[in-house]
Amino acid sequence: AQSVTQLGSHVSVSEGALVLLRCNYSSSVPPYLFWYVQYPNQGLQLLLKYTSAATLVKGINGFEAEFKKSETSFHLTKPSAHMSDAAEYFCAVSKKSSGDKLTFGTGTRLAVRP
Amino acid sequence: EPEVTQTPSHQVTQMGQEVILRCVPISNHLYFYWYRQILGQKVEFLVSFYNNEISEKSEIFDDQFSVERPDGSNFTLKIRSTKLEDSAMYFCASNSGGAGQETQYFGPGTRLLVL
């Protein structure tokens, strides 16, 4: 079975500070990994994905994540937080390219202080 | 840009009533999914659907749940006899399939409240 652990249910940063949201995965097969963002009262929007190509993945809104197999991690970073980044962030894993379910982590709520 | 749509956005129902949640996936997509998110909890997989049949379902997806693609565009989730614990946000998702097409696109969700 696959699983995802997101450390820190709430993270608070100052505007302009580094954002680091942690995600560790467990998978018996090479995983596909995703970060989704959920703004209040909205659906899930894909930020970025890792699908066994480059280990450093760049996404929308200045976010990036690095797949580290040795650490079973896929942490999400952004060099400089913006107020508009305040949202809930979900890490997810799947087994194969299409048709497989996503298994989500419990989410991390990011707050950005002025 | 094509998007997944869901109706209604909110639904309130009485315990024991049947509800049907509707989704229109992106038109050329082949794989369809339902997920739910109980308030304050993580997003959970319910069921996946491909080629007019269920390909996988979770233990949550018991006999009270069913899915259907009645007309080639809509994808519905029916809960036959709702329970209080069915109160959640229900998300539909779809993807096109094939190499490089891993991304599941999510609809805005239907918030279901069972009283």
Side-chain angles (χ1 to χ4, degrees), chain A residues 1-10 21 23-25 27 29-54 57 59-60 65 67 74 87-109, chain B residues 1 3-7 9-10 21 23-26 28-51 53-61 88-111:
Chain A
Q2 297 184 299
S3 67
V4 165
T5 301
Q6 291 184 245
L7 289 176
S9 58
H10 290 80
L21 305 182
C23 172
N24 288 88
Y25 69 90
S27 179
V29 298
Y32 285 25
L33 292 158
F34 305 81
W35 276 99
Y36 281 85
V37 60
Q38 184 180 32
Y39 297 102
N41 300 313
Q42 294 188 28
L44 298 162
Q45 180 183 5
L46 181 73
L47 274 178
L48 48 79
K49 61 183 178 184
Y50 166 77
T51 57
S52 74
V57 180
I60 62 170
F67 173 71
F74 190 57
E88 184 131 28
Y89 292 80
F90 291 95
C91 183
V93 63
S94 72
K95 283 189 288 190
K96 59 185 179 183
S97 61
S98 297
D100 191 48
K101 66 186 179 194
L102 291 171
T103 300
F104 286 86
T106 50
T108 297
R109 185 168 297 280
Chain B
E1 184 178 330
E3 58 184 20
V4 177
T5 59
Q6 290 185 243
T7 54
S9 58
H10 293 77
L21 310 183
C23 168
V24 179
I26 294 172
N28 63 342
H29 284 189
L30 301 177
Y31 296 85
F32 314 110
Y33 312 82
W34 284 101
Y35 294 83
R36 79 172 185 190
Q37 184 182 28
I38 294 172
L39 189 64
Q41 298 186 25
K42 68 178 178 180
V43 178
E44 302 173 287
F45 167 77
L46 291 178
V47 65
S48 57
F49 193 85
Y50 171 71
N51 200 25
E53 59 183 29
I54 290 173
S55 27
E56 186 176 358
K57 58 184 180 179
S58 72
E59 59 188 26
I60 303 168
F61 195 89
M89 179 75 94
Y90 288 81
F91 293 107
C92 174
S94 68
N95 69 348
S96 57
Q101 304 300 322
E102 309 82 8
T103 301
Q104 291 185 24
Y105 294 87
F106 283 76
T110 293
R111 186 170 295 283

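None of these values were measured; they are calculated from a predicted model. In the text below, chain A, chain B and the rest are named by the order of the sequence lines, each starting its count at 1.
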Part of Thr51(A) lying under 4.5 Å from any heavy atom of chain B: side chain
Side chain / backbone / both / neither for Leu102(A) at chain B, heavy atoms under 4.5 Å: both
Student check: side-chain heavy atoms of Tyr35(B) and Leu44(A) closer than 4.5 Å: no
Test item: Tyr36(A) and Thr103(B) side chains (from C-beta on) under 4.5 Å apart, heavy atoms: yes
CZ on Phe104(A) to CD on Gln37(B), rounded to 0.5 Å: 9.0 Å
Top contributor to chain B contacts, counting heavy-atom pairs under 4.5 Å, from Gln45(A), Gln6(A), Glu88(A), Gln38(A): Gln38(A)
Residue among Gly107(A), Gly43(A), Ser9(A) with most heavy-atom pairs under 4.5 Å to chain B: Gly43(A)
Closest non-hydrogen atom pair, Phe90(A) against Lys42(B): CE2-CA, 4.4 Å
Asp100(A) versus Gln104(B), closest heavy-atom pair with distance: O-NE2, 3.0 Å
Top contributor to chain A interface from Tyr105(B), Tyr50(B), Phe49(B), Phe91(B) [non-hydrogen pairs under 4.5 Å]: Phe91(B)
Over 12 non-hydrogen atoms of neighbours within 6.0 angstrom of CD1 in Ile60(A): yes
